[in-house]
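Written out below as structure tokens is the structure these notes cover.
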Amino acid sequence: MEQPKEKLKLGVYWAASCGGCDISMLEIGEKILIVDELADIVLWPCIADFKYKDVKAYPDKYIDVTFFNGAIRNSEAEEIAHLLREKSKILIAYGSCSYEGGIPALANFYSKEEVFDRAYHESQSTVNPDRIEPKTKHTENGYELYLPEFWETVRKLSDIVDVDYFIPGCPPAENTTWAAIEAIVSGELPPTGSVIGAGNKSVCDECPRERKETKIKRFKRPHEYVAPDPEQCLLEQGIICMGPATRSGCEARCINAGMPCRGCYGPCADVYDQGAKMISAIGSVLESEDEEEIQRVIDEIVDPAGLFYRFSMSHSYLVRRRLVGAKKETK
Amino acid sequence: MADITAAEKSPANTAEGIVPFEPKIIGFLCWWCTYAASDMAGTSRLKYPPNVSIIRVMCSSRVDPSFVMRAFAEGADGVLIGGCHPGQCHYISGNYKTVARISLLKKMLSQFGVEDERLRLEWISAGEIHKYAKVVTDMTEKVRKLGPLNWRKNFEPK
């Protein structure tokens, strides 16, 4: 790889994320030394001490590339998203959370009130007799202290600001991360708004397992199967595998390890709603002509929404559970 | 004529000064049966509510679950899917795929807080024009009772 004349300025930021994306950037192994040769880090809260005021002091478009991981679930993340958009030439949503909501967006099945109840009162490890909850403003000895405001709905980065590229994965596999870095450094980037580093087909396309056209009699939950047949398609063995509705690029690594695909690479190219496509795929593989049998098999899928939107709740048409309920408001 | 119709619907002319809720229902109808039934119900001058906006599809299995979810997300109060009776699909097994998809979709929509009555799958053959009128009337009344879905309101600040 040819070295550009001036070193690139690289920013990495985390919003509502677990830190796994930051770690996954190091998964490229010794290639991180190449990144070090090519780029200077100007923001990376996970590994170095940068303050927001340092970033605010940068001129506009100072950062060449920002990898933004984590979903947007409070006002702080929103503010920094706007700030980094202003300061970055290329803003990349890195990982499932910033690309499609990810695990934090599963909270969209609950209201803010329910999330607070669970986190600050209900959970088994919590002792909170005074029912203290975080407030956005507090005054102590004449000093005003602030906390970011917690949102009702978790959003993806592209709902808040314009995003140039998306890198999927929870976390992105090292080949995906590296392919994306290569594309950025070489300047051979697709049109803005594209997903980079990953494939354009489904995980099934990369999967080594074989489809034998078996009729599915029942679906199994993770604790109900021990060792699935190593050769046959997992979906055909009654194990719900998100492969048909998920973008390729991970080299089917979960499936190769004997686990079904969980769908972290998000919807396939040109698809918006991953969960809807998974329902469609399951409808196609059942192939029963008995309505009662179909219903019985469907009933074995206990939590379809949580399963099909495990990573893509913010990237779905409905985005969240209904808040404005008909039952209360019907006249 | 057009002016009178508009005036009749204006808020001032209703009893409480509020426009009564008229459900918006999207109907995905199979071209070989239910669409033909809706066509014949019209030419036979059958009376039924005008709330269903019809989208003709070649088979009920052409209705991807994302069509239904997008309809709800963009303001529909209900979605009706009409297909051929089991065993009578023009494409042999299309409607069996529809059964599986729609049952699973209904289960998932309940997790999103969308009531069961808002999504309806019916088998209506080309000749069953009275069944078509009955289903549309019944569904319109049930959805009217549930009230507006108004999905976008979920994202408005309180």
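All chains are named by letter (A, B, ...) in the order of the sequence lines, taking the proteins before the strands, and each is independently numbered beginning at 1. Model, not experiment: these values are computed from the prediction.
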Calculate, to the nearest 0.5 Å, the distance between atoms [atom1] and [atom2] belonging to [X] and [Y] respectively.
X	Y	atom1	atom2	value
Lys107(B)	Asp299(A)	NZ	CG	5.0 Å
Leu109(B)	Leu318(A)	CG	CG	6.5 Å
Lys97(B)	Ser280(A)	NZ	OG	10.5 Å
Arg155(A)	Phe155(B)	CZ	CZ	5.5 Å
Ile301(A)	Leu104(B)	CD1	CG	4.5 Å
Lys106(B)	Ile279(A)	NZ	CD1	12.5 Å

Show the nearest heavy-atom pair for residues [X] and [Y], with the distance to one decimal.
X	Y	value
Arg320(A)	Trp151(B)	O-CZ2, 3.0 Å
Glu291(A)	Trp123(B)	OE2-NE1, 3.4 Å
Ser66(B)	Asp273(A)	CB-CB, 4.5 Å
Gln111(B)	Ala305(A)	OE1-N, 2.8 Å
Arg101(B)	Gly283(A)	CG-CA, 3.8 Å
Tyr309(A)	Met69(B)	OH-CE, 3.2 Å

Chain B contacts, top residue of Arg321(A), Glu289(A), Lys277(A) (heavy-atom pairs, under 4.5 Å)
Glu289(A)

Counting heavy-atom pairs under 4.5 Å with chain B, which one of Ile298(A), Val271(A), Ile294(A) comes out on top?
Ile298(A)

Just wondering, are more than 12 heavy atoms of other shown residues or ligands nearer than 6.0 Å to [atom1] in [X]?
X	atom1	answer
Lys131(B)	NZ	yes
Arg85(A)	CZ	yes
Trp151(A)	CH2	yes
His82(A)	NE2	yes
Lys212(A)	NZ	yes
Phe67(B)	CZ	yes
Lys24(B)	NZ	no

Whatever's closer than 4.5 Å to a heavy atom in chain B on Asp303(A) counts as both

Contact class of Gln295(A) relative to chain B, heavy atoms under 4.5 angstrom:
side chain

[X] versus chain A, heavy atoms under 4.5 Å apart: side chain, backbone, both or neither?
X	answer
Phe21(B)	neither
Asn150(B)	neither
Ile102(B)	neither

Considering only heavy atoms and a distance below 4.5 Å, find which of Pro65(B), Ser103(B), Gly113(B) pairs most often with chain A.
Pro65(B)

Picking from Ala73(B), Ser93(B), Ser110(B), Ser61(B), which has the most non-hydrogen pairs under 4.5 angstrom with chain A?
Ala73(B)

Can you check whether Leu149(B) reaches Arg322(A) side chain to side chain, under 4.5 Å on heavy atoms?
yes

